[in-house]
Amino acid sequence: NEPRIWTLQDFEIGKALGKGKFGHVYLAREKRTHYIVALKMLSKRQLLESRMERQLRREIEIQSHLKHPNILRLFGYFWDEKRIYLILEYAPNGELFNELRIERKFSEPKSANYIEQVINALMCLHENNIIHRDIKPENLLNSCGVIKISDFGWSVHAPTTRRKTLCGTLDYLPPEMVCREEYDEFIDHWALGVLTYEFLVGEPPFESREPRETYRRIEGLQYNVPSHISEEARDFISKLLKRNPYERMSLEEALEHPWLVKHRNSMV
Ligand SMILES: COc1ccc(/C=N/Nc2[nH]nc(C)c2C(=O)Nc2cccc(NC(C)=O)c2)cc1
């Protein structure tokens, strides 16, 4: 099916879902098929001012070609004189970040189930030689229990050396990014360890009041695992939060780790 030329007139705009960094996301319904989507509206001026247009092109290029149940679909895009519009898959339950703040922390079965889905998405990305580089609860959407990785704004084709200074949370940065070394897809493995910790504990492992302190704790691998965390979960995290990227567990090994196997067998 030929990609259509979409226009705003093809959609009925519903409620605002939320405000992203560069624009608003609205619930929308395609008029002909009544298909429900999330329409992300980005201001051209803001994109140009912050020189993000190259990053947006990359985001569109990457996300539009990826088809995986745990990766949020980008169905298409269009623009008018003021804005660029991304036609995105709608995930009814919203950001996992919100769910985690409400529940404070997730149970081990729930964390294992979510982490397994993130691993499946990362395997798809890495098979396509893509590093996400921004795995965190804010960039994970929940669609009736199915986790969708979204926001490919920071994704790149592996391996790469970072050109830009980093913005956003430092909590998820691996040591090799903190010390400006070359890095590759293993930075996503590190982020997976940080994500697992944050699901189980309710806050990221290296979180500190001062960014400098966060850097120091990341470089020194200084994190404490509360006693309520199971031995298997503790071991799973420790095999991802390794200073040397090549010592980090592979995604295949992670799927076979006792912590995930234990909870997979107990899932209905
Ligand atoms: C405020 O409560 C909410 C509950 C659920 C949603 C669902 N969002 N679902 C989405 N599907 N596809 C995309 C893209 C989105 C999306 O961007 N959501 C979004 C954007 C900005 C903030 C939030 N906030 C929360 C709490 O999820 C969600 C959005 C907001």
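Note that ligands are numbered from 1 as they come in the structure, with each ligand's atoms numbered from 1 the same way. All residue numbers refer to positions in the sequence shown, counting from 1.
- Grouping Ile, Leu, Val, Met, Phe, Trp and Tyr residues whose side-chain heavy atoms lie under 4.5 Å apart, directly or via other members, leaves L48 alone, with no other cluster members.
- Protein residues with a heavy atom under 4.0 Å from ligand 1 are L17, G18, V25, A38, L72, L88, E89, Y90, A91, P92, N93, G94, E95, N98, L141.
- Here R234 pairs with E231 in a salt bridge; the nearest charged N to carboxylate O distance falls below 4.0 Å.
- A 4.5 Å side-chain heavy-atom check between L96 and F199 finds at least one atom pair inside the cut-off.
- Between E176 and K242 no salt bridge is recorded (no basic side-chain N to carboxylate O distance below 4.0 Å).
- In terms of the side-chain contact (heavy atoms from CB on, under 4.5 Å) criterion, residue partners of L221 (sequence neighbours excluded) are, by chain and number, P175, W190, R243.
- Applying the side-chain hydrogen bond (donor to acceptor under 3.5 Å, both in side chains) definition to pairs two or more places apart or across chains, those involving residues 73-82 are D80-Y85.
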